[in-house]
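Below: one structure, written as structure tokens.
The residues of the chain are indexed from 1 along the displayed sequence.
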Amino acid sequence: MKFLNLKLLVLILLFTVKAQSQQYELGKVTIAELEEKVHPKDSSAPAAILFKTGKTIFTYSAERGFEANNVYEFKIKIYKTEGLKWADQKVSYYVGYDFLSDDVVKFSNAITYNLENGQIVKTKLNSEGNFKNKINKYWNQAAITLPNVKAGSVIEFKYVLKSENLTRLPDFEFQYDVPVNYFRYETEIPEFFIYKTLLVGNLKIESKADVVSGKQLYSSGYKQINSVFSAADIPALQKERFVDNIENYRGAVQNELERKRFPGKPVVNYTTSWEEVAKTIYKNDSFGRELKERNYFDEDLKAVLQNTNSQSEKLNAVFNFVQNRMNWNKERGYYVDKGVKKAYQAQTGNTAEINFILIAMLKAAGITVHPVLVSTVENGIPVFPNRTVFNYVIAGAQIEGKKILLDAASKFTTPGILPLNLLNWKGRLIKEDGSSEEIEMTTAAPSKEIHTLMVTVNPQQKIEGSVKVRRTDYAALSFREKNVGNEDSYLEKLENDLNKIEISDYKVENKNEDLSKSVLESFEFKSDNSYDIIGNKIYLKPILFYTDRHNPFKQEERQMAIYFGYPLHRSYNVFFDLPKDYEVESLPKAIKISTENKGTSYTMNMAALEKRIQIMVTVEINNPIFAASEYDMLKEFFQKIIESQNEKIVLKRI
């Protein structure tokens, strides 16, 4: 009897294992999956990834050498019409190698499943739904559009990405803007290649690695490292305000090649230190050799340096010359494309060409300067030493004991003020001797935005007056970048943002003339909905249409750091001229609050003298970035600001 029970238990276990393995195979769609109306753990989800599996294996051929084969399978449930976008799948792949074959992507097993009259109906993808697009000279894109997809459908597909580029394996993402019920990623890597693995995000996943005997490659008797990463119930990555780059927080497995070690050959190290990274980049002709080119600007430099004496004057003169002469072609990178000489002649180039010209001219002017590698906000954070994390290069000059960062590719930057998307954690200053140093890309110095309002209150529920706004440093840069082009569309948006006021006599001073100085915006305004009259009393908000109405932080919990970009001190000085037959009955309470370590602070003060009221409000954000653990503190801080700004000035008829 015990033997029969044991046999039955074994059969049950075998059936369970088989059922579980089938659960994550393509072609195993059930009626229950098709009938499911909402996701069981996230009823708001428009779709869900029922499973994503991936596997990376290496193959070898005498013609192509080693190649990484990355195989991915997806099964996705569509719940709502908003989830129909998942029918369109796109995979970008690299084709810009100098010495390697182009990457290759191929889709297969693309099927849509629907429930019709209680029966499962399959619609297979035909050739008309399969596309290939050229993005640029470096990237192509393979795309499919699955057929007959609607709310309730389940879709499946598979694709293979083959690449001879083994420097970095494709990131395996396991978190999306919809829930992921289950994922599993396996790698089988020969012992000849040692990778550094990084788990991105704050999610707990299971992982294990085993060393086994390899059998598939050109050599026998080698070992192979097999790794497995898996987890269930991955929540959707929610969009939140004040986020630098959501990709920095998306759950993913990354593998960067650290070294090669073939039998009988020297070990080749790739990313063991920043010094190795610097040396490798400098050795490339498109970097180091181009930085040494000097003989194409000599005559221009002599003219630029006329009437300059100090190093500061020379730096500013050279920077302004390069910024005005050169035009960025919108291509980023730290290697040149056509070369500095041709770029200088054509007056256009990529970021490397423009800033290499700047570096070379500054050096020729006697200024100590080096290239600084940067990763833009869109590109992500450079976490560990490698050559692939950077996508931009700027200049780092040293004069009078100070380091000054410069980017001449932008038309609105100044020495020490960089494009906003370069304010991204750390950069790397590299020198020709292979040494390097970490450079802080964010700034501690606050920019300022000062609003001055002169307001006349009319008892007929109308107000009119003037506004002047002075912006400095990054606040000025942000204003200039956002307001290039059509002034009419900007004013229409400004009127709507400021509670539909009517703007006239709009002016901007120093928009383009001297970028190192403040930009001043001024206008006249009228409004007939800026306060309430109840009985014989007028109720005014202290800073009128600049009042914060909604807390920017609404979620209960925060997954990502809070990124403001740069410290900002915003102030409002509001002067109210009262009607002759009204007087002040009450004013809001004066208040001063600050968060821990004075990361933020808020003050409101006021004064009343006869027929004039002055309101003074300051909001100071002193840190460019706050940790997710500080979210509750910031949420409470902004809530107190809203409560303070919504307290009313009360005027009563005399």
Derivation and outcome, side chain to side chain contact (heavy atoms under 4.5 Å, CB included), residues Arg294 and Phe297: CA-CA 7 Å; Arg294 300 286 172 85; Phe297 56 70; 4.0 Å; yes
Go through Ile625 and Thr442 one step at a time and tell me if the side chain to side chain contact (heavy atoms under 4.5 Å, CB included) criterion holds. CA-CA 9 Å; Ile625 191 166; Thr442 56; 5.8 Å; no
Run the numbers on Leu420 and Ser478 for side chain to side chain contact (heavy atoms under 4.5 Å, CB included), then give the verdict. CA-CA 8 Å; Leu420 296 171; Ser478 179; 3.9 Å; yes
If you apply the rule side chain to side chain contact (heavy atoms under 4.5 Å, CB included), what do you find for Glu256 with Thr167, and how did you get there? CA-CA 6 Å; Glu256 180 86 14; Thr167 304; 4.3 Å; yes
ring-ring contact (aromatic ring centres under 6.0 Å, His included) between Phe51 and Phe183: does it pass, once the steps are laid out? CA-CA 5 Å; Phe51 72 75; Phe183 87 85; over 10 Å; no
Take Tyr113 and Glu156, measure what side chain to side chain donor-acceptor pair (under 3.5 Å) needs, and give me the verdict at the end. CA-CA 8 Å; Tyr113 297 83; Glu156 293 183 337; 3.3 Å; yes
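For the pair Val374 and Asn424, the minimum side-chain heavy-atom distance is 4.5 Å or more. In this structure the side chain of Glu275 never reaches within 4.5 angstrom of the side chain of Val277, judged on heavy atoms. Side-chain contact between Met361 and Val322 is present, with heavy atoms from C-beta onward closer than 4.5 Å. Leu362 has its side chain out of reach of Ile359: every pair of non-hydrogen atoms, C-beta onward, lies at least 4.5 Å apart. The closest side-chain heavy-atom distance from Leu50 to Ile76 is not below 4.5 Å. Residues Leu405 and Met441 have side chains in contact (heavy-atom distance under 4.5 Å, counting atoms from C-beta outward). No side-chain heavy atom of Thr187 sits less than 4.5 Å from a side-chain heavy atom of Asn226. Inter-residue side-chain proximity for Tyr72 and Thr53 is flagged as unmet; no heavy-atom pair is nearer than 4.5 Å.
In this structure, Trp274 has its ring center closer than 6.0 angstrom to the ring center of Phe390. Ring centroid separation for the pair Phe58 and Phe193 comes in under the 6.0 Å cut-off. In summary, the aromatic rings of Phe157 and Phe74 are positioned with their centroids under 6.0 Å apart. The distance between the ring centers of Tyr185 and Phe174 does not fall below 6.0 angstrom.
A ring pair (Phe, Tyr, Trp, His ring centres under 6.0 Å) check over residues 325-354, counting only residues at least two apart or in different chains, returns the pairs Tyr296-Tyr344. Listed by first then second residue, pairs satisfying salt bridge (charged side-chain N to carboxylate O under 4.0 Å, His left out) with a partner in residues 83-95 read Lys85-Asp177, not counting sequence neighbours. Residue pairs meeting the salt bridge (charged side-chain N to carboxylate O under 4.0 Å, His left out) criterion with at least one partner in residues 61-73, sequence neighbours excluded, are Arg64-Glu67, Arg64-Glu164. Annotation: salt bridge (charged side-chain N to carboxylate O under 4.0 Å, His left out) contacts involving residues 226-239, sequence neighbours excluded, comprise Lys41-Asp233.
Checked by atom type, the side-chain pair Asn391/Thr376 shows a donor-acceptor distance below 3.5 Å. Side-chain contact annotation: Asn69 with Thr59, donor-acceptor N/O pair under 3.5 Å present. Using a 3.5 Å distance cut-off with no hydrogens or angles, the side chains of Ser163 and Asn165 do not pair a donor with an acceptor. Remark: the Thr351 side chain and the Glu353 side chain contain no N/O donor-acceptor pair separated by less than 3.5 Å.
Put simply, the side chain of Gln175 gets close to the backbone of Gly251: a donor and an acceptor are under 3.5 Å apart. A side-chain donor-acceptor contact under 3.5 Å links Asn70 to the backbone of Leu161. Between the side chain of Asn130 and the backbone N or O of Ile144 there is no donor-acceptor pair closer than 3.5 Å. Formation of a donor-acceptor pair under 3.5 Å by the Ser375 side chain with backbone atoms of Gly380 is found in this model. The backbone N or O of Val389 sits less than 3.5 Å from a side-chain atom of Asn379, completing a donor-acceptor pair.
Residues that satisfy the ring-ring contact (aromatic ring centres under 6.0 Å, His included) test with Tyr392, not counting sequence neighbours, are absent from this structure. Partners of Leu199 under the side chain to side chain contact (heavy atoms under 4.5 Å, CB included) rule, at least two apart in sequence or in another chain, are Ile205, Phe229, Val253. Evaluation of the ring-ring contact (aromatic ring centres under 6.0 Å, His included) rule for Tyr182 yields Tyr24 as partners, not counting sequence neighbours. In this structure Phe412 satisfies the ring-ring contact (aromatic ring centres under 6.0 Å, His included) test with no other residue, sequence neighbours excluded. Scored by the side chain to side chain contact (heavy atoms under 4.5 Å, CB included) test, Val91 finds Val105, Phe107, Tyr159 as partners (sequence neighbours excluded). Every residue two or more places apart in sequence or in another chain was checked for a salt bridge (Lys or Arg N to Asp or Glu O under 4.0 Å) with Arg261, and none qualifies. Looking at residues two or more places apart in sequence or on another chain, you find a side chain to side chain contact (heavy atoms under 4.5 Å, CB included) between Ala352 and Val336, Asn350, Phe356, Val393. In this structure, the ring-ring contact (aromatic ring centres under 6.0 Å, His included) partners of Trp86, at least two apart in sequence or on a different chain, are Tyr176.
Note on ring orientation: taking the six-membered ring where Trp is involved, the planes of Phe66 and Phe262 are tilted (angle from 30° to 60°).
When every heavy atom of Ala47 is checked against every heavy atom of Pro179, the shortest pair comes out as O-CD, 3.5 Å. Closest approach of Thr413 to Leu477, counting heavy atoms only: N-CD1, 4.2 Å.
For the pairing with Tyr97, the ring-ring contact (aromatic ring centres under 6.0 Å, His included) check across Tyr93, Tyr94, Phe99 returns one residue only, Tyr94. A side-chain contact (heavy atoms from CB on, under 4.5 Å) with Pro419 is found for exactly one of Asn421, Leu423, Ile417, namely Asn421.
The pair Glu186-Arg184 counts as a salt bridge, with a side-chain nitrogen and a carboxylate oxygen less than 4.0 angstrom apart. Look at Arg332 and Glu378 and you find a salt bridge, because one of the NZ, NE, NH1 or NH2 atoms lies within 4.0 Å of a carboxylate O, short of that distance. Contact check on Glu432 versus Lys292 returns a salt bridge, with a Lys/Arg side-chain nitrogen under 4.0 Å from an Asp/Glu carboxylate oxygen. Salt bridge annotation for Glu36-Lys77: absent, with no cationic side-chain nitrogen under 4.0 angstrom from a carboxylate oxygen.
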